[in-house]
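In the text below, chain A, chain B and the rest are named by the order of the sequence lines, each starting its count at 1.
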Amino acid sequence: MKTYNFNKNDNLIYKIWILNKYFYSNINKNKKPYYLLLPPPNITGDLHIGHILNYTILDIYARIKRMKGYNVCWIPGTDHASIATEIKIRQILKNKNINNISYKKFKLICLNWSKKYNAIIKDQLKKIGCSCDWGKFQFTMGNNHVKSVKKVFIKLYKKGLIYKSKRIVNWDVKARTTISDEEITYKKKYNYLYYIKYFTLDKKEYIIIATTRPETIFGDSAICVNPNDIRYKSFINKKVIVPIIGRVIPIIKDKLVNMNIGTGCIKITPAHSEKDFNIYKKHKNEIKIINIFNDDGTLNKISNIYKNIDRLLLRKIIIKKLKKLGYLIKVKKKKSYIAYSDRTNTIIEKKISLQWYLNMEIFKFKALKLIKRINILPKKKYKILLYKWINILKDWNISRQLVWGHRIPIYYYKKLIIPAISLKKAIKILKVKFKILNINKSKIKKDKNVLDTWFSSWILPISALNGINKNNNKNFNYYYPINLLITGYDILFFWVLRMIMFSSYYINKIPFKEIYFTGIIRDKNKKKLSKSLGNYKNIYYLLNKYGADVLRVSILDNNHIYDFVIDENKYISSRNFINKVWNSYIFIKKINKKKITNIEYKKSFIIIKWFNNILNFYLKKINLLLKKKEIYYSFITIKKLFKKEFCSKFLEFIKNVNINIIGKKKILNIYKIILKILHPYIPYITEYIWIKLNNKSNITISTWPKINKVNNNKKIYDTFKLILFIKKIKLKNNNISIYINKNYKIKFIKYIYINLLYNLSNIKYIYFFSKLNNINKEYKLFIYKEYNFYIFNKDLLDKIDKNKINNKIKFYNKYLLNIKNKLKNKKFLDNAPKNIIELEIKKKKDIEKKILIYKKKIFN
RNA sequence: GGGUGGUUAGCUCAGUUGGUUUAGAGCGUUUGCCCUACAAGCAAAAAGUCACUAGUUCGAAUCUAGUACCACCCA
């Protein structure tokens, strides 16, 4: 078979790995632990190529470390993603025209959804080859995790860090919940500023306010001006009438009002603006809070005839009416930034609301102390960013008005607030602590809010080892902290920073020793891959079309430190690469063992020795790159080793000589080393070939190749350099004779090397000369570094276009002039290092010779 | 408005301490080859004002500043 059949093999191979428990990890004091955590994907849908980027790089590290003898424990998991999942499910229900669903039923639907997608995600992770310990799988709504989250909440609550407070929050009218500041995107949009008249009680005077939101007049509590504003001094403490609704409100003064924006005079709606709310707090005695919205963004009872009309529609109605009644005097177009919800892409409303908050000060303090110990890769910029982020952190709104998520473990009984892990515990506390004996169970009420998703994922590094339910358990002490966390920089704030804060506070330890940030895969328009845009291909589609190894190569073949794009070309070139790996196996298998002469044996032996040197060189380079965590460069190097060195050179040479049993064994050893190096990057095909080669054990548990001690034989090195050069300039079927300067003859004096030269580069004759004059003018001069040699080949040179040669001569003349000027420059000669000057002189000589050759070509 | 990153061949990008780079690779294009691993292959060719301007330096794709465009993050 000429192409590799991944569909048949990949599943089978994964089964072999699982059956042999290769990825299973338990405490082994003789081995160094290597703890990895899979950044849990959301269960909102299946995985896309963006996830695969992180997981592939993680897998490479897991496999290399395993091969290097570490006890690798890679814990996989998924995130229940409370808000994202809930929105998704509600949307699906809405499309099916299912409304008014009960709490219990909805929760059940969510649970079934999570079961379905947990299974899909697990399957996809396995299909791309992730070597996770599946026995340790973590779902953020799993039993162990739910317990841990509750425990953490209660502990923080008891310490007084969690509190309830009425504040202005971001309200997503579609999802009907609060969302955090981080879940908001500001979009540049044109907006209109409306200038509206507010008359005083006697209707003789009026004041003009400018607002972008005329529909909020129902919530107007006051008009506010800056106390230093001369224009409005006479108005202060007077009263005005709100247009249309006729409510009387006071005019107050506050320094928070900017005199230069609009008319310098604003209306105050404290329930729906953070700034207004701040002003309200200072004037509590003078004004009231009026909430005008329902949870879905329609107007409430207070608006009377306008109730249940959406706010955006109402705006149009109100503007019309204001215009008709003569209140609206001016409309101004204005560019502004409008807040949209990341979750539902709807305009965010500000709303006053009672929410749970977590005081972050102690977390910030503890994290800043320990963050220095974390090694941040690949760029230092993220470290600066982390500090910056920590410092601007406000108290965290941790409650969400959703169904799907961790219910806040707080129970209310009459006026008592009881933090408890379960109803049973709450009753016990009531009985024991508060000594209430006749408890009316139906009057115990649980808090209706759920916790922000990140409140459950920030404890994951600890809770995945059950370190919260059983602190200092054996597993936890052995594995913690994570050795290397790999994740996209986009969740730096949401997740990474919070894990650092939690671990620092809770156990006074860093959660991970090292963090490696990757870029993000984008589409051709440089947009993030997202489910709502649908700008990516399904993973199953790609797996079926190309297979896991091709997918991995397509990802690895980009510098993933930055954001990048994968186009169809990448998949095709990666497929070609995998195919070549497969065909290298077929070729190796077909090598015939023959009985051969001593000279033939020596020839094959030299080729093998030469390649072992190359292999060592590459292995050193790859080890160094891996140590520096330069994963992209390591892959590029490995690809080059396989394609350019192993296939194009080594295997091509092998074709030209006969091989005996010993030779084949040595070739197989080389091939096995190549496969081992390739294995972490393309695990499936390498394992398949490994099995086909009749190895007793699997490549997954083989050891990483060591650098062999091979004598650096200059003679071999020089011979192959020359062979490769001749191959480069020689076209097939051209009769080439080569003349080598006698001074260098000594290098090839041994028959065996001469023989190899003939054999591998297909030269007809090799002559040695001592002086240039001795050579027939028919021969054309080529220069190869330190060797002077001539090649006889009329056809080759006749083909060369004279114009092109002229151009080349021009180019080299210009270049030569540069070098000559450089060498004339005293400053250069004084300042530049000796070797650089020597190099320039050498360059000059080389180019002069080249020009001479080209000139000869033309005039001959 | 503030910050970060980018601009190198038709496309996607490398270029790791300024000098072993006379700017490279893959894909695409053109040419020649089905020679018993691979046509998803091999061999070769064409293709570039390194965005622009100034500066530092003996020497700049590389360092500094500014400009333009693109993208992302934050408010």
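- When the P atom is used for both B:C11 and B:A65, the distance is 29 Å, rounded to whole Å.
- Proximity of A:K643 to the phosphate of B:A37: no side-chain N or O atom is located under 4.0 Å from OP1 or OP2.
- For the pair A:I622 CD1 and B:U16 P, the computed distance is 20 Å after rounding to whole Å.
- Summarising the geometry, the separation between CG on A:N656 and C1' on B:C35 is reported as 12 Å, rounded to the nearest angstrom.
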**Request:** Quick one: do A:F587 and A:C647 satisfy side-chain contact (heavy atoms from CB on, under 4.5 Å)? Show the steps, please.
**Result:** CA-CA 10 Å; A:F587 177 77; A:C647 292; over 6 Å; no
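- For A:F493, the CZ atom is densely surrounded, since the number of other residues' heavy atoms within 6.0 Å is greater than 12.
- Separation of the P atoms belonging to B:U62 and B:U16 is 11 Å when rounded to the nearest angstrom.
- A donor-acceptor contact under 3.5 Å is formed by the side chain of A:K655 with the base of B:A37.
- Atom C1' of nucleotide B:G28 and atom CG of A:N576 are separated by 13 Å, given to the nearest angstrom.
- Rounded to an integer number of Å, the gap from A:I591 CD1 to B:C38 P is 14 Å.
- In this structure, the separation between CD1 on A:I638 and CG on A:L625 is 9.0 Å, given to the nearest 0.5 Å.
- The separation of B:G6 from B:C58, taken at their P atoms, amounts to 28 Å, rounded to a whole angstrom.
- When each of A:R522 and A:K628 is assigned the nucleotide of RNA chain B bearing its nearest heavy atom, the one mapping closer to the 5' terminus is A:K628.
- Side-chain contact check for A:N397 versus A:D452: every heavy-atom pair is 4.5 Å or farther apart.
- A:F642 has its CZ atom 14 Å from the P atom of B:C38, to the nearest Å.
- Using modelled atom types, one finds no donor on one side chain facing an acceptor on the other under 3.5 Å when comparing A:Y516 with A:N54.
- By the neighbour-count criterion of 12 heavy atoms within 6.0 Å, atom NZ of A:K629 is densely surrounded, having more than that number from other residues, nucleotides or ligands.
- RNA chain B is contacted by both A:F577 and A:K590; A:K590 maps to the nucleotide lying nearer its 5′ end (nearest heavy atom per residue).
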Could you list, one pair per line, each protein nitrogen or oxygen that sits under 3.5 Å from a nitrogen or oxygen of nucleotides 7-14 of chain B, together with the distance?
{"from": "B:A14", "atom 1": "O3'", "to": "A:Y633", "atom 2": "OH", "distance (Å)": "3.0"}

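- In this structure, the CG atom of A:N583 is 5 Å from the C1' atom of B:A37, given to the nearest Å.
- Taking atom C1' on both nucleotides, B:A51 is separated from B:A9 by 15 Å, rounded to a whole Å.
- Looking at heavy-atom distances under 4.0 Å, A:S573 makes contact with sugar-phosphate atoms alone, never a base.
- Among the atoms of the strands shown, none is found under 4.0 Å from any heavy atom of A:K621.
- Rounded to an integer number of Å, the gap from A:Y340 OH to B:C74 C1' is 18 Å.
- Judged by atom type and distance alone, A:E652 reaches the base of B:A37 through a side-chain donor-acceptor pair under 3.5 Å.
- OP1 or OP2 of B:C42 has at least one side-chain nitrogen or oxygen of A:K580 nearer than 4.0 Å.
- Within the nucleic acid shown, A:F493 has no heavy atom closer than 4.0 Å to any nucleic acid atom.
- Only the C1' atoms considered, B:U22 is 15 Å distant from B:A61, to the nearest whole Å.
- Between A:H560 and A:Y632, the angle of the ring planes goes over 60°, which puts this pair in the perpendicular group of the 30/60° scheme.
- A distance of about 30 Å separates the P atoms of B:A43 and B:C50, rounded to the whole Å.
- Ion pair A:D557/A:K639 flagged as a salt bridge, since at least one NZ, NE, NH1 or NH2 atom sits closer than 4.0 Å to an Asp/Glu carboxylate oxygen.
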**Asked** When Watson-Crick pairs (N1 to N3 and N6-O4 or O6-N4) and G-U wobble pairs (N1-O2 and O6-N3) count only below 3.5 Å on both distances, what is the dot-bracket string of RNA chain B, with | for other-strand pairs?
**Response** (((((((..((((.....[....)))).(((((.......))))).....(((((..]....)))))))))))).
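- When the C1' atom of B:U16 is taken as reference, atom NZ of A:K627 falls 17 Å away, rounded to whole Å.
- B:G28 and B:G41: their P atoms are spaced 9 Å apart (whole Å).
- Inter-residue side-chain proximity for A:H679 and A:K676 is flagged as unmet; no heavy-atom pair is nearer than 4.5 Å.
- Going from the C1' atom of B:U8 to that of B:C13 covers 9 Å, rounded to whole Å.
- In this structure, the side chains of A:I371 and A:I390 come closer than 4.5 Å at one or more pairs of heavy atoms.
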**Item:** Residue pair A:Y688, A:Y4: steps toward the ring pair (Phe, Tyr, Trp, His ring centres under 6.0 Å) verdict
**Value:** CA-CA 10 Å; A:Y688 186 68; A:Y4 174 62; 5.8 Å; yes
